[in-house]
Protein chains: 2
Amino acid sequence: MTQRLDTILHGLEQADQHDALQRAIEALCAFYGVDHMVYHWVSGSGEQYGCGTYDDVWVQHYIDKQYLRVDPVISGCYQRFHPVDWKRLDWSSKAARAFQKDAIAHGVGNQGFSIPIRGPNGQFALFSLSHNCTDDEWDAFTETNRRDLILVAHYFNKKALDLEPGRSPEPSQPLSPREIDAMTLLAVGYSRAQVAETLTISEHTLRVYIESARFKLGALNTTHAVARALARGIIVV
Amino acid sequence: MTQRLDTILHGLEQADQHDALQRAIEALCAFYGVDHMVYHWVSGSGEQYGCGTYDDVWVQHYIDKQYLRVDPVISGCYQRFHPVDWKRLDWSSKAARAFQKDAIAHGVGNQGFSIPIRGPNGQFALFSLSHNCTDDEWDAFTETNRRDLILVAHYFNKKALDLEPGRSPEPSQPLSPREIDAMTLLAVGYSRAQVAETLTISEHTLRVYIESARFKLGALNTTHAVARALARGIIVV
DNA sequence: TGCCGTCTCACCATTTTTGGGGAGTTGGAA
DNA sequence: TTCCAACTCCCCAAAAATGGTGAGACGGCA
């Protein structure tokens, strides 16, 4: 079994096109005997890239309805490091339940398991499995295969990064220490006046930092700059 | 061999204290027969947390000298997703070579291998191995064990996050769809006027959304609200 | 030595955002 | 039915942010 996984991972490493990723995920799906498997890269400005076994209709529906904004799998994984069973996510909001119903109606299984993956420059992706079965069966399956799946997710993301270099945000010029200070304090809610006072510099000086940070980040305004700095992991709140 | 790894990972999952992590890393080091292994969490504000088999003198020296800013392993891994051999990093700067010399003088091996790890909220950590041997020996070793080591790194980081819950964001009231739209558009750089136009609502209405989102997120101003929404995964940019 | 990036400070006018009010509709939940 | 949350709209004045332009000092690097 582990031997087989090695073979699959090795094959994945050889993949040189999007098509190869798609074939690999279909092979994996069959190998593990689950209904669906999907790799979903959530990239900047709500653009998405991925491959998997979901019905095209569902994928398009997901995009059209902007379910990205509602999907508890996305927000739940975004806040987690370790893989998570969909049962353990927060489905309490009305929008989430409506989404869930819609998903099941489109062939997504009642069970699910997702692995968050993060790369440089704030890259974020998910590797998800979905299936129709009982809770006990699903728990047993995920317990057994979790480690292998983490590796699979890692290699899928590696390949996706290799094959789609344009999708990751251009690595921006690094910010200077003062610029990072400024961005960080703005991100925790300080006004410009407070930031200037905290850094014991004049507000005029502070403005220079903010502007230069904005320029380096290619941001249109302060809020945008802070959002980009956060998304790229340049600052941490 | 794989059986042994499972046992070690399982033991790691049971760890409930920093000490247990330290013992686990020592056991792993002995298991793989490498000179050093270290888990190193690099937090945003320059604080550091970790465990490993490096000499305490070297660790303190590293901190005192602020080698964090010079270390090519740090900057190299920060820009990569996949594990990397230290030989493949950029050691060309003068500071980097001085650092390397100092490191070897303090018992760090001539070979090294590091795995970048990223968690929520821009968390970043490294899992590194260091050894004294020839290039060929090291290449063979890393080739053989890379996948296992990725998993080990993952589980170390999971434990570190569990044991140091310093930055798990408190859950807040969910935002309404319109509030999410507003926050998202602000995060991608739109001005209030543009957001209002995009959502085809009056700017006054938009303000109500922003204010209520700010209230729900406990934010002091719009930038803060967007930063929190991003950090909590409520919006994705 | 000269260049470059960082850090520091200043003034102007304009645009944008914010904080304080109030008010009507809809659709789902109790 | 009643209530509440979400959605929509409006006014006014104060506070904050922005855009443009300019300049001196320091340290590292070639």
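Here is the naming used below: chain letters follow the sequence lines, and residue numbers restart at 1 for every chain.
When ring centroids are compared, His154(B) and Phe81(A) come within the 6.0 Å threshold.
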List the atom pairs, with distances to 0.1 Å, where a side-chain N or O of residues 96-109 of chain A and a protein N or O form a donor-acceptor pair under 3.5 Å, not counting sequence neighbours.
residue	atom	partner	partner atom	Å
Arg97(A)	NH1	Ser92(A)	O	3.2
Arg97(A)	NH2	Ser92(A)	O	3.4
Asp102(A)	OD1	His106(A)	ND1	3.2
Asp102(A)	OD2	His61(A)	NE2	2.7
Asp102(A)	OD2	Tyr67(A)	OH	2.6
His106(A)	ND1	Asp102(A)	O	2.9

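Atom NZ of Lys216(A) is separated from atom C1' of dC4(C) by 12 Å (rounded to the nearest Å). Taking atom OH on Tyr209(A) and atom P on dC7(C), their separation rounds to 5 Å, with Å as the unit. Distance CG (Leu175(A)) to P (dT6(C)): 10 Å, rounded to an integer number of Å. Atom CG in Leu199(A) sits roughly 15 Å away from atom C1' in dC9(C) (whole-Å rounding). One interatomic measurement links the two molecules: CD of Glu179(B) to C1' of dA6(D), which rounds to 8 Å at whole-angstrom precision. Whole-Å rounding puts the Arg178(B) CZ to dC9(D) C1' distance at 14 Å. Per the geometry, CG belonging to Leu206(B) stands 14 Å off P belonging to dT16(C), to the nearest Å. One can place NE2 of His204(B) at 11 Å from C1' of dT8(D), the figure rounded to the nearest angstrom.
A distance-only check finds no donor-acceptor pair linking the side chain of Gln194(B) to the backbone of Tyr190(B) [under 3.5 Å]. For Arg118(A) (side chain) and Tyr78(A) (main-chain N/O), a donor-acceptor pair under 3.5 Å exists by modelled atom type.
Nucleic acid contact class of Ser176(B) (heavy atoms, under 4.0 Å, all strands): sugar-phosphate only.
Across Ile25(B) and Tyr39(B), no two heavy atoms sit closer than the pair CD1-N, 3.6 Å. Nearest heavy atom pair, residue Leu21(B) against residue Cys51(B), reads CB-SG, 4.1 Å.
At least one side-chain nitrogen or oxygen of Thr205(B) sits closer than 4.0 Å to the OP1 or OP2 atom of dC9(D).
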| query | For nucleotides 14-22 of chain D, read 5' to 3', which letter fits each nucleotide if B means a protein heavy atom sits under 4.0 Å from the base, S means only the sugar-phosphate is that close, and - means neither? | reply | ---BBBB--
